[in-house]
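A quick write-up on the structure given underneath.
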Amino acid sequence: MKVLILGAGKMGSFFIDLLSFDHEVGVFEKDPKRLRFTYNCQRFTDLEEVRAFKPELCINAVTVKYTISAFNEVIPYLPQECILSDIASVKTGLHEYYKGTGRRFVSTHPMFGPTFANLNQLSEENAIIINEGDYMGRCFFKDLYSKLGLNIYEYSFEEHDKTVAYSLSIPFVSTFVFSAVMKHQDAPGTTFKRHLRIAKGVLNEDDYLLQEVLFNPYTHDQVDQIRRELKDLLAIIDNKDAAGMKAYLTKIRSNVKRDVEALK
């Protein structure tokens, strides 16, 4: 299959490497410097080159802020039968956009990134395929993600956004709060250092991505749940409630055990 990838950033380069040995891959990137380390693919900086390439699938791997604008720019140069595809972690507005184009589409979300994941060992990572897209497009990504050993889940656009609100907003907000109150430690403990590494990774993400995750319409209730838990915990601390603390620790250990078992 002829596959066009938009953007040669971290995830774009990952897909180039992943697909280039089994498919004819081209990459469109406005910044020529980003193309220096791509190989086994055709490299385009002019949209007329994209027209000549005639891709059958276009994977949009640009920063989430520019997903739709990148599609708008390239669509006039794509064959009508070319399947549009995104890997965005935030799907807000994409379903409506796709329907407006009148084109075939497939939307997926690899639930990992270069910051924390080992891209050579992904058997413990997950991927979501939106079940409202083109059948053949879904089959393509299901086969691709299966070969990587990813755990695959099929959700609607709405179900995806609810899942992201839970799986991303809670750790993001927890990290923000930790970062907001932290101060320099000359002799930090192991737990502090681990949290600090996580904070550095999260805060290395694109500002727009962090914003869109938190502006997800389903995020508010998740953050409000954190606020309620902190209120309960603070009451236990203020009252030096040993029995309450024991019950609280029992509850959260049960939560962690449940999720650990579910991930096995």
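Because the structure is a prediction, the values reported are computed rather than measured. By convention here, the first residue in the shown sequence is residue 1.
No side-chain heavy atom of M1 sits under 4.5 Å from any side-chain heavy atom of L19. Taking 4.5 Å as the limit, some side-chain heavy atom of S85 sits within range of a side-chain heavy atom of L57. Under the 4.5 Å side-chain criterion, counting only non-hydrogen atoms from C-beta, Y98 is in contact with S107. Residues H95 and E132 have side chains in contact (heavy-atom distance under 4.5 Å, counting atoms from C-beta outward). In this structure, P171 and V202 have side chains that are not in contact, with every pair of non-hydrogen atoms separated by 4.5 Å or more. The closest side-chain heavy-atom distance from R253 to V256 is not below 4.5 Å. With contacts defined as side-chain heavy-atom distances shorter than 4.5 Å, the pair L78/L4 qualifies. Side-chain contact check for H195 versus T191: some heavy-atom pair is nearer than 4.5 Å.
Hydrophobic clustering, with ILVMFWY side chains joined whenever heavy atoms are under 4.5 angstrom apart, keeps F176 apart from M182. One hydrophobic cluster, built from ILVMFWY side chains closer than 4.5 Å, holds both I170 and L168. Under the 4.5 Å side-chain heavy-atom criterion for Ile, Leu, Val, Met, Phe, Trp and Tyr, V223 and L233 are members of distinct hydrophobic clusters. By the rule that hydrophobic residues join a cluster once side-chain heavy atoms approach within less than 4.5 Å of another member, M245 and L230 end up as members of separate clusters. Follow the hydrophobic side-chain contacts under 4.5 Å out from F14 and you never reach Y39; the two are in separate clusters.
In the displayed structure, D143 atom CG is contacted under 6.0 Å by more than 12 heavy atoms of other residues, nucleotides or ligands.
Using a cutoff of 4.0 Å between basic side-chain nitrogens and carboxylate oxygens, K65 and E212 are not scored as salt-bridged. The pair K99-E96 fails the salt-bridge criterion, with no side-chain N (NZ, NE, NH1 or NH2) lying under 4.0 Å from an Asp/Glu carboxylate O. Between D134 and R138 there is no salt bridge, since none of the side-chain N atoms of the basic residue sits less than 4.0 Å from a carboxylate O of the acidic one. Under 4.0 Å is where a charged nitrogen must lie from a carboxylate oxygen, and between K251 and E229 at least one such pair does.
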Give the C-alpha distance, both sets of side-chain angles, the deciding distance and a yes or no for side chain to side chain donor-acceptor pair (under 3.5 Å) between Y97 and N72.
-> CA-CA 10 Å; Y97 176 80; N72 286 336; 2.7 Å; yes

For side chain to side chain donor-acceptor pair (under 3.5 Å), just list the numbers for Q42 and E24, CA-CA rounded to whole Å, side-chain angles, deciding distance to a tenth of an Å, and then say yes or no.
-> CA-CA 8 Å; Q42 297 185 51; E24 187 176 350; 3.2 Å; yes

Take D161 and N216, measure what side chain to side chain donor-acceptor pair (under 3.5 Å) needs, and give me the verdict at the end.
-> CA-CA 7 Å; D161 286 348; N216 181 325; 4.5 Å; no

Trace of the salt bridge (Lys or Arg N to Asp or Glu O under 4.0 Å) decision for K91 with E158 | CA-CA 9 Å; K91 304 296 185 186; E158 182 179 13; over 6 Å; no

Test log, rule side chain to side chain donor-acceptor pair (under 3.5 Å), inputs T219 and Y166 = CA-CA 7 Å; T219 292; Y166 172 76; over 6 Å; no

What's the verdict on salt bridge (Lys or Arg N to Asp or Glu O under 4.0 Å) for D232 and R228, showing C-alpha distance, side-chain angles and the deciding distance?
-> CA-CA 6 Å; D232 292 343; R228 293 196 302 270; over 6 Å; no

Would F141 and I152 count as a side-chain contact (heavy atoms from CB on, under 4.5 Å) if you check the C-alpha gap in whole Å, the side-chain angles of each, and the deciding distance to 0.1 Å?
-> CA-CA 10 Å; F141 280 99; I152 302 171; over 6 Å; no

side-chain contact (heavy atoms from CB on, under 4.5 Å) between L84 and N60, worked out = CA-CA 8 Å; L84 302 180; N60 191 334; over 6 Å; no

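Aromatic ring orientation, F105 versus F157: tilted (interplanar angle from 30° to 60°).
Within the model, atoms CD1 of I129 and CG of N131 stand 10.0 Å from one another, a figure rounded to the nearest 0.5 Å. Atom CG of L47 is separated from atom CZ of F53 by 13.5 Å, given to the nearest 0.5 angstrom. Atom CG of residue D207 and atom OG1 of residue T63 lie 11.0 Å apart, to the nearest 0.5 angstrom.
Across all non-hydrogen atoms, the minimal contact from E159 to S156 is OE1-N, 2.8 Å. Nearest approach of C41 to I16, heavy atoms of both residues: SG-CG2, 3.8 Å. Taking each heavy atom of R104 and M136 in turn, the nearest pair found is NH2-CB, 3.9 Å. Taking every heavy atom of both residues into account, A61 and I87 meet most closely at CB-CD1, 3.9 Å. Between D241 and G244, the shortest heavy-atom contact is OD1-N, 2.8 Å. The minimum heavy-atom distance between E48 and D46, with the atom names listed, is N-OD1, 2.7 Å.
Side chain of S254 to main chain of T250: no donor-acceptor pair is present (N/O by atom type, distance under 3.5 Å, no hydrogens or angles). Within the 3.5 Å criterion, the main-chain N or O of Y66 finds a donor-acceptor partner in the side chain of S69. Between the N239 side chain and the A235 main chain, a donor and an acceptor come within less than 3.5 Å of each other. In this structure, N151 contributes its side chain and N126 its backbone to no donor-acceptor pair below 3.5 Å. Remark: the backbone N or O of K2 is paired with a side-chain donor or acceptor of E56 at under 3.5 angstrom. Side chain of R43 to main chain of L35: a donor-acceptor pair is present (N/O by atom type, distance under 3.5 Å, no hydrogens or angles).
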Cut-off 3.5 Å, no hydrogens considered: what does the side-chain donor-acceptor table look like for residues 25-32, sequence neighbours left out?
from : atom 1 : to  : atom 2 : distance (Å)
E29  : OE1    : A8  : N      : 2.8
E29  : OE2    : D31 : N      : 3.0
K30  : NZ     : E73 : OE1    : 3.0
K30  : NZ     : E73 : OE2    : 3.2
D31  : OD1    : K33 : N      : 3.1

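For the side-chain contact (heavy atoms from CB on, under 4.5 Å) test with C58, the passing option among I83, I5, L6, V50 is L6; the others fail. Each of V164, D86, I130 was scored for a side-chain contact (heavy atoms from CB on, under 4.5 Å) with H109, with one residue passing: V164.
Ring centers of H160 and Y155: at least 6.0 Å apart, outside the cut-off. With ring centers used as reference points, F178 lies under 6.0 Å from F192.
Inspection of the Y153 and T163 side chains reveals no N or O donor paired with an N or O acceptor under 3.5 Å.
Judged as a ring-ring contact (aromatic ring centres under 6.0 Å, His included), not a single pair has a partner in residues 209-239 (not counting sequence neighbours).
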